[in-house]
Amino acid sequence: MGTKKFTLIMLVENKHGVLNRISGLFAKRAYNIDNLSVGATHNPKVSRMTIVVECEEPLLEQIIEQLKKLVDVIAVEVTTSALAVMRELMLIKISHNDGNFTKLTGVINDIFRGRVVDITQDSVIAEITGPEDKLNAFIKFAEPMGIIELARTGVTALNRGSRALVDAGKD
Amino acid sequence: MRLRGAEILIKELLFAGVTDIFGYPGGSVLDIYDELYQNRDKIRHVTTAHEQGATHAADGYARVTGKTGVVLATSGPGACNLVTGIATAYLDSVPLVAITGNVATKLIGRDSFQEVNIVGITMPITKHNYIVERVEDLQRTIREAFVIAGSGRPGPVLIDIPKDVQQAYCEYDADVEFDFSKITKSAVYSIENACKLIKEAKRPYIYAGGGTVISDASAELLSFARLIGAPVATSLMGLTAIPRMHEMALGMAGMHGRYAASRALAECDLLITVGARFSDRATGKKETFVKNCKVLQFDIDRAEVNKNIHADDFVIGDIKKILSDLCAALPKLNNKKWLDYVSELKKGSENVLGTSGKPLTPKNIIQTTGDFLGADAVVATDVGQHQMWTAQYYKFERPRSFVTSGGLGTMGYGLGAAIGACVGTGKRAILFTSDGSFHMNMNELATAVSYNLPVTVVLLDNNALGMVRQWQTMFYDKRYSETTLSRSTDYVRLAEAFGAKGFNAETPEQLKAALTEVKNTDGPVLIRCAVDEDENVFPMIPPNGTIKDIIIR
């Protein structure tokens, strides 16, 4: 059986050590984290996490049930790109020269709907937002020009529609 | 009322119903020990020889009483010494609250003297853990810790309290109530499908684990088994869920389980798992373990479903309640043909245990000890061959009368656990141990003597690390790498040096004479029994094997 990627959306207590507990659970049970993002919510007591895991399908149930057992986990759900809006932000620093500058900025702005947020004589930083595969496509495009460095936030996701992950998110 | 952190801790321990604590003093818990001194009429503190022994004692105490065990240690090395004991409790779902002192908050993170990040260290082996950074959080933290440790599937919780938090004052209201319903809430379940599966089964088989004992569901288990006509096998942790000699009992299943238990499991059409987690030692080869039957699983922990073995259906909740609901919902089912078949399996020669070699065999030692002392003693073991022999031969009658490290397999667990069991029950504890395990934590004999506890140590001395040696015999072509111990320890003199009584038994008569002495002794006694190093534990289903691979003797 092959592995697949699954996206987990979670609400957790906003306490120090929570990230440690969650990554520790993945480590001790040998689950693979593909990427992870975490941030505050409108409720200061609650943080939101999105974790993309890579596993065989039967293991997904185990991962969710083990996560639910952590005292600091408030809610956890699996979601898909059909059900949710998924975005990732990338800052990517690329070398440029006179020959390719126009093409590069054109692609950033028009094709990938990104922005140039910093520029020097020989480099630009582009900000690209979108689903994971769009970011990958941009990396592929920029590679021949010379990627100096890049930083990605990891995927974050919200389910479509008016329902929240959990009502208790209010407190 | 303004109280110091250390006072709040003691008040909250009393609120939780704590009457006994196991621990070891040190610099970072001086304030707590000062409060204990002032409350020594209310809380009995047992000082062990080593913090590891204290954790095992708190664990043994919890297993025999069903209460949450409490262990207290200082920062740094004291806290580190709890780790093996906490992991032992975690793997066997034992309710434990471990309290550690730490250096003052302003010294944390600076590699201060006796500072260690025990919360980080114990994160993977606790149900939850805390460092209390503000005295205002202490009361709620302690209450919550006891709720977490004791509710649902029990387990260890650690609370790390920096020294300045122990010394700081804050307002304390003993009557304040906290809402822990998020932790204690249980889901509603349906037993409809379970009833259907049970009614359809012609050859139902019950596999009872430690969850049955933890849930105090022995009576319900027996009623259920009788009602549906299913024999009951157990895991190591579930051994005391049903009286060993009961007509419905098959004994232990698994790697060193009874032949009839393994055979019937292979032939059942419905495996009803009651509070067991399908450890690899219980299942053998997972792919074929339940090839010919459906699996119905009852557990309080949803994460145990489909973890190791796929369940066709499951009910999540308290085992006692699930079983009594099933008893109320199900009619009497007649599976006489199956039960008769299982009875025949039990009588078969393959199901007979033990060799008839030397007069003083493991079987003889364990059963004679049981005959002499068994009536209301609790049995503890260390880990290895003697542990499996005890599981196979001892005729357990009551739930919670057996404490053993099943999941982690902690050599050196037994003496501390036996001490905790004595403190918890006020009665005799028998420790079956071996020369290998006993050498690990024999220092706790000092504790048993100090508190004059009726611990009877029956030491099976085969001069070897028997279980590892057995694997070397069977799977490593008798290359006995480092398992022939050849210790020169004189156990009788050792016991006497600690202030205990010591006996040497080479024959059944000497064993009986020593056990007669035990009956007339209040304090700890050690009986060293000579055992042949080539005694092996059989039957054995080799690792990752099936019933087809079983080695009977």
Side-chain angles (χ1 to χ4, degrees), chain A residues 1 3-4 6 8 10-33 36 38 43-47 49 51 53 55-78 165-171, chain B residues 87 90-91 93 105 108-109 117-134 137 140-141 144-145 147-149 151-160 179-185 187 277-278 286 297 299-311 314 316:
Chain A
M1 204 183 298
T3 59
K4 283 180 15 189
F6 300 94
L8 301 176
M10 298 170 63
L11 292 178
V12 301
E13 301 279 345
N14 181 18
K15 294 178 184 165
H16 71 231
V18 174
L19 185 59
N20 200 355
R21 288 182 201 282
I22 289 167
S23 61
L25 173 68
F26 276 76
K28 84 168 178 177
R29 299 215 176 256
Y31 306 149
N32 280 325
I33 295 184
L36 179 154
V38 58
N43 180 345
K45 288 180 180 170
V46 176
S47 299
M49 278 185 163
I51 304 181
V53 299
C55 65
E56 294 183 354
E57 197 151 3
L59 188 64
L60 182 65
E61 173 192 1
Q62 257 302 297
I63 297 175
I64 293 171
E65 292 303 330
Q66 294 291 354
L67 283 168
K68 281 185 187 167
K69 279 166 61 171
L70 295 177
V71 173
D72 290 336
V73 170
I74 300 163
V76 53
E77 252 182 43
V78 63
L165 177 53
V166 67
D167 296 335
K170 294 186 192 81
D171 195 314
Chain B
Y90 184 67
L91 267 289
S93 307
T105 46
I108 284 177
N117 174 13
I118 195 62
V119 166
I121 290 172
T122 57
M123 213 171 261
I125 52 167
T126 49
K127 232 180 132 179
H128 195 56
N129 62 14
Y130 308 86
I131 178 161
V132 184
E133 289 164 322
R134 297 173 344 124
D137 297 334
R140 188 195 161 88
T141 303
E144 189 173 275
V147 171
I148 292 172
S151 64
R153 178 181 185 170
V157 177
L158 179 135
I159 311 170
D160 195 28
D179 176 17
F180 296 119
S181 56
K182 274 186 192 167
I183 295 163
T184 54
K185 69 170 188 288
R277 63 181 175 83
F278 294 123
K286 293 196 196 305
Q297 188 169 358
D299 208 291
I300 199 158
D301 181 359
R302 172 64 181 78
E304 283 307 331
V305 177
N306 299 337
K307 186 177 86 178
N308 293 330
I309 294 292
H310 175 77
F314 56 88
I316 300 303

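Here is how names work: the chains are called A, B, and so on, in the same order as the sequence lines, proteins then strands, and each is numbered from 1.
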Exercise for the section: Any chance you could measure B/E304, atom CD, to A/Q66, atom CD, to the nearest 0.5 Å? Expected result: 7.0 Å
Handout entry: Non-neighbouring partners of B/T184 that pass side chain to side chain donor-acceptor pair (under 3.5 Å), sequence neighbours left out
Key = none
Practice task
Could you tell me which residues in residues 12-22 of chain A have at least one non-hydrogen atom under 4.5 Å from a non-hydrogen atom of chain B, sorted by residue number?
Solution key: A/H16, A/G17, A/N20, A/R21
Fill in the blank from the handout: Max heavy-atom pairs within cutoff under 4.5 Å with chain A, candidates B/D301, B/I131, B/I183, goes to B/D301
Practice task
Tell me, please, which residues at least two apart from B/E133 pass salt bridge (Lys or Arg N to Asp or Glu O under 4.0 Å).
Solution key: none
Fill in the blank from the handout: Applying a strict 4.5 Å limit to non-hydrogen atoms, the region of A/E61 in contact with chain B is side chain
Completion exercise
For A/V71 and B/K127, the nearest pair of non-hydrogen atoms, with its separation, is CG2-O, 4.4 Å
Handout entry: Flag side-chain contact, heavy atom, 4.5 Å: A/D72 against B/H128
Key = yes
Completion exercise
If you tally heavy-atom pairs under 4.5 Å between each of B/N306, B/V119, B/I148 and chain A, the highest tally belongs to B/N306
Handout entry: Where A/K69 and B/A303 come nearest, the two heavy atoms and their spacing
Key = CD-CB, 3.7 Å
Problem - Contacting moiety of B/N129, where chain A heavy atoms sit under 4.5 Å - result: both
Exercise for the section: Measure the shortest side-chain to side-chain distance between B/M123 and A/K28 over non-hydrogen atoms and say whether it is less than 4.5 angstrom. Expected result: no
Problem - side chain to side chain donor-acceptor pair (under 3.5 Å) partners of B/K286, counting only residues at least two apart - result: B/T283
